[in-house]
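Both ligands and their constituent atoms are indexed starting at 1 by order of listing. We're numbering straight along the sequence, starting at 1.
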Amino acid sequence: MSPETILVTGGAGYIGSVVSAQLLERGYRVVIVDNFCHGHRAAIPAPSIVEELDIQDTERLAQVMRQYQVGAVMHFAAFIEVGESMRQPGRYFSNNTAGALSVLQAMVQAQVERFVFSSTAAVYGNPERTPITEEMELRPTNAYGESKLLVERMLPWFERIHGLRTARLRYFNASGNTPQRGEDHHPETHLIPLIMEAALGQRPQIAIYGEDYPTPDGTCIRDYVHVCDLASAHLLALEKLRECGNLLYNLGSGQGYSVRQVIEAVRQVSGRDFKVVSQERRPGDPAVLVASSAKIRRELGWKPRFESIEEIVASAWEWKVRHPQGYAAP
Ligand code: UDP
């Protein structure tokens, strides 16, 4: 039997490339769709097939799905910066919301049934309590979260009317690197890579966005989950979609770390010191986001392999030291 083909949008990106690598290891054929506005060709695992196109091009997308007889779509292509989404919300609704709609329409045209969607903890906003479970109220505090929530809300309609089977995976803070692939965004806005740049002397300091949150040390608390563990959850969801649709899972470690604790972890792992300054809050940031991932552990048997922030940071640091300029390095 020939291997099943999975179309991965954003497969040249941070999470999409690691998922693609795991799919290939499991014997799937992988078709990566990326417009390379942020993706890196060097991140793409061999022997993926690469189609350079924008997800808003519904017709070509449907054509690609037919050409390769795609069995399922994993949709990662999206903008991901909370701060930017609060300055340019239209970019987020266009690329993230309309973009996902285009992918869904192409799937209907090409009769592809299974869809795994990268959603986000940002759909919860400031949750009523932690750890956050899937049925809690959804009140995004930033346009990024809203742009993803709008997609989540479309999915049950595509299930009901077009017979799609969908999985919504709400990531908490994706982090860590694999020996082959790492986080390399331009501009970089995420906490761990930024702290590592400060540790390497590539930037003069790290700024803490707000120290007056209602948390023990006043800085925001997040749940950091390793990119390899995120990837393994995607493969489990993909398999489960063979049986049933309408899957919804949080993906986090269940442990919260404050910005100050993450800075300390980088100090320890790297053995380097660097300057830390205080800045005002970043608009749209909830104080605490910590997941309960009990549902996916129970229902799909998901077991994250990376448990502590130190392990996650160590994996990130290892790649960063070998690739100080990211994928651009010669
Ligand atoms: N953060 C910070 N300084 C930075 C970048 C991020 O204090 O230079 C904080 C940010 O306000 C948030 C946490 O670190 O509370 C994680 O931010 P990130 O952008 O990595 O992920 P997000 O939680 O927005 O998905």
ask   = What about Cys220: any of its N or O atoms under 3.5 Å from an N or O on ligand 1?
value = no
message = Quick check: His38 with His185 (ring centres under 6.0 Å apart)?
response = no
task = Using a 4.0 Å heavy-atom cut-off, say whether Val82 meets ligand 1 through its side chain, its backbone, both or neither.
result = side chain
ask   = With under 30° as parallel and over 60° as perpendicular, where do the rings of His323 and Tyr327 fit, or are they tilted in between?
value = tilted
query = If you measure from atom 25 (O) of ligand 1 to every heavy atom of Ile208, Thr120, Asn173, Val277, which option wins on shortest distance?
reply = Asn173
key: Proximity of Ala121 to ligand 1 by residue part, where a heavy atom lies under 4.0 Å   = neither
inquiry  = Can you confirm if the aromatic rings of His234 and Phe76 lie within a centre distance of less than 6.0 Å?
reply    = yes
inquiry  = Taking Arg153's backbone N and O only, do any of them form a donor-acceptor pair with Arg168's side chain (distance below 3.5 Å, no angle check)?
reply    = no
message = Test of understanding: given a 4.0 Å heavy-atom threshold, classify the contact between Ile206 and ligand 1 as side chain, backbone, both, or neither.
response = side chain
ask   = Quick one: do Asp184 and Lys320 make a salt bridge, cutoff under 4.0 Å?
value = no
key: Polar atom proximity, Tyr224 to ligand 1 (N or O, under 3.5 Å)   = no
message = Tell me whether the NZ or CZ atom of Arg91 lies within the 45° cone about the ring axis of Phe79 and under 6.0 Å from its centre.
response = yes
query = Judging by distance only, is a nitrogen or oxygen of Leu194 under 3.5 angstrom from one on ligand 1?
reply = no
Arg222 and ligand 1 - part of the residue with a heavy-atom distance under 4.0 Å = side chain
